[in-house]
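Only a predicted model underlies this, so the values are computations on that prediction, with no experimental measurement involved. Every chain is numbered from 1 and lettered A, B, ... according to where its sequence line falls, protein lines coming before strand lines.
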Amino acid sequence: MVTEMMFYFLSFVAILSAIMMISTKNPVHSILYLIVTFFAIAGHYFLLNAQFLGMVHIIVYAGAIMVLFLYVIMMLNLNEDAEPVKSKYQKISATVSGGIFMLVLVASLRSAEVSLEKTRNTDIGLVNQLGKVLFNDYLLPFELSSILLLSAMIGAVFLSKK
Amino acid sequence: MEILPNISIYHYVIVSILLFGIGVVGVMLRRNALIIFMCIELMLNAVNLLMVGFSNMWGDGKAQVFVFFIMAVAAAEVVIGLAILMMVYRNQETTDINILNKMKW
């Protein structure tokens with residue numbers, strides 16, 4: 001009962017703040033609403049017993065990426081006056097086509113059926129279990145992602161110097 | 001089908017579709033390139049949420065490892081994207097994507 005209520009609460013918060021994010025004019029408010037969405041998604045991860053991913057999500061997204069966005073917005077001095085607006089016709093057509101897209105996805109997944117065995121391991125999201133999978137089966141992709149992050153760092157330094 | 005008490009995988013599918021669709025609408029609705037970046041992040045997160053839900057449903061940890069890799073790639077993508085955006089702003093004095101059509105033809 002408590003987890004059910006938590007699921008609906010977190011979903012409501014995530015979707016509402018996502019809608020606020022795309023509808024508010026001020027870019028700084030947009031970012032703050034997106035942080036609320038990310039915290040709600042982290043709550044979903046904890047609810048699904050994926051504790052490691054929940055912590056990583058909070059650290060990486062709310063702690064690093066969103067701070068980066070905020071810094072860039074403040075450096076570029078973007079505010080409500082500098083915000084470009086689309087015409088009403090474009091806004092209505094974007095919303096309608098997005099709504100049709102969601103409707104098609106929901107309708108196509110309505111009739112999907114999956115059979116599921118009853119007994120399953122629910123402790124997979126713990127650091128202990130996930131570390132074994134990561135460092136046994138996926139050691140090479142893990143090392144390659146470190147090279148990816150290094151090249152991204154070098155690229156950012158190279159791009160942003162005068 | 002229940003992965004939490006009274007919550008099936010379909011609930012997670014619906015939530016993920018709604019978040020993804022809001023991201024798609026945001027990309028079409030806004031003209032500020034920064035907000036479009038944020039909408040892309042939102043779409044990546046919707047997919048991650050769905051993958052964690054399916055991982056819990058099957059009791060398999062591999063999907064969660066892939067979510068971890070998606071987070072790493074998203075971080076790299078944001079860093080490069082924001083650096084490009086800073087360069088564009090330095091040259092054009094705007095982040096409006098409708099003005100950035102120099103490479104269009």
Side-chain angles (χ1 to χ4, degrees), chain A residues 3-4 7 11 14-15 18-19 21-22 27 30-31 34 37-38 41 44-45 47-50 53 56-57 60 64-65 68-69 72-73 76 78 83-84 86 91 94-95 97-98 101-102 105-106 109 114 116 120-122 124-125 129-130 133-134 138 141 145 148-149 152-153 155-156 159-160, chain B residues 1 3-7 9-11 13-15 17-19 21-26 28-32 34-35 37-39 41-42 45 48-49 52-53 55-62 64-65 67-69 71-76 78-80 82-87 89 95-96 98:
Chain A
T3 52
E4 197 184 343
F7 172 82
S11 307
I15 290 167
I19 291 171
M21 180 200 103
I22 63 167
S30 255
I31 284 194
L34 189 60
T37 307
F38 282 164
I41 291 174
H44 270 301
Y45 290 165
L47 207 61
L48 285 165
N49 208 12
L53 277 185
V56 168
H57 190 267
V60 170
I65 293 182
L68 204 63
F69 269 108
V72 168
I73 282 199
L76 301 188
L78 296 176
E83 177 70 17
K86 279 193 171 176
K91 278 183 182 171
T95 313
S97 52
F101 172 70
M102 284 189 255
L105 279 182
V106 171
L109 288 165
V114 204
L116 188 62
R120 61 197 164 82
N121 183 13
T122 52
I124 44 165
Q129 303 273 328
L130 212 58
V133 178
L134 184 60
Y138 294 98
S145 70
L148 172 74
L149 288 175
M153 191 175 77
L159 277 174
S160 52
Chain B
M1 294 307 290
I3 54 177
L4 292 173
N6 285 329
I7 302 290
I9 188 69
Y10 290 121
H11 291 77
V13 171
I14 299 289
V15 171
I17 286 173
L18 284 176
L19 284 176
I22 290 167
V24 171
V25 171
M28 291 190 284
L29 206 62
R30 303 296 294 264
R31 275 170 53 188
N32 192 339
L34 264 167
I35 310 289
F37 257 120
M38 284 157 58
C39 290
E41 291 300 311
L42 186 65
N45 272 285
N48 280 353
L49 177 63
V52 174
S55 153
N56 195 295
M57 175 184 140
W58 291 110
D60 193 341
K62 283 173 182 157
Q64 301 201 4
V65 174
V67 171
F68 185 61
F69 287 138
M71 281 179 186
V73 172
V78 163
V79 167
I80 294 294
L82 286 178
I84 292 173
L85 214 61
M86 290 285 295
M87 287 301 294
Y89 189 82
T95 55
D96 185 350
N98 281 23

Among the options S11(A), S97(A), P141(A), G155(A), pick out the one with the most heavy-atom pairs lying under 4.5 Å from chain B.
P141(A)
Pick whichever of T95(A), V56(A), T37(A) has the most heavy-atom pairs under 4.5 Å with chain B.
V56(A)
Which one of F38(A), F69(A), F101(A) has the most heavy-atom pairs closer than 4.5 Å to chain B?
F69(A)
Under a 4.5 Å cutoff for heavy-atom pairs, which residue among I19(A), L76(A), V60(A) has the most contacts with chain B?
L76(A)
Does any backbone or side-chain atom of S145(A) lie under 4.5 Å from a heavy atom of chain B? Answer side chain, backbone, both or neither.
side chain
Would you say the side-chain atoms of N48(B) and H57(A) include a donor-acceptor pair closer than 3.5 Å?
no
Heavy-atom cut-off 4.5 Å, strictly under: side chain, backbone, both or neither for F7(A) against chain B?
side chain
When heavy-atom pairs shorter than 4.5 Å are enumerated against chain B, which of V72(A), L53(A), L47(A) gives the highest number?
L53(A)
Tell me, out of I73(A), L149(A), L130(A), who's got the most heavy-atom pairs with chain B below 4.5 Å.
L130(A)
Region of L34(A) in contact with chain B, defined by heavy-atom distances below 4.5 Å
side chain
Applying side-chain contact (heavy atoms from CB on, under 4.5 Å), run through V79(B) and M153(A) and close with a yes or a no.
CA-CA 7 Å; V79(B) 167; M153(A) 191 175 77; over 6 Å; no
How close do I22(A) and R30(B) get, heavy atom to heavy atom, and via which atoms?
O-NH1, 3.1 Å
Heavy atoms of C39(B) and M21(A) approach each other most closely as SG-CE, 3.5 Å
Verdict with supporting geometry, L134(A) and F69(B), side-chain contact (heavy atoms from CB on, under 4.5 Å)
CA-CA 10 Å; L134(A) 184 60; F69(B) 287 138; 3.9 Å; yes
Between S30(A) and M38(B), is a side-chain contact (heavy atoms from CB on, under 4.5 Å) present by the stated rule, with each step listed?
CA-CA 9 Å; S30(A) 255; M38(B) 284 157 58; 3.8 Å; yes
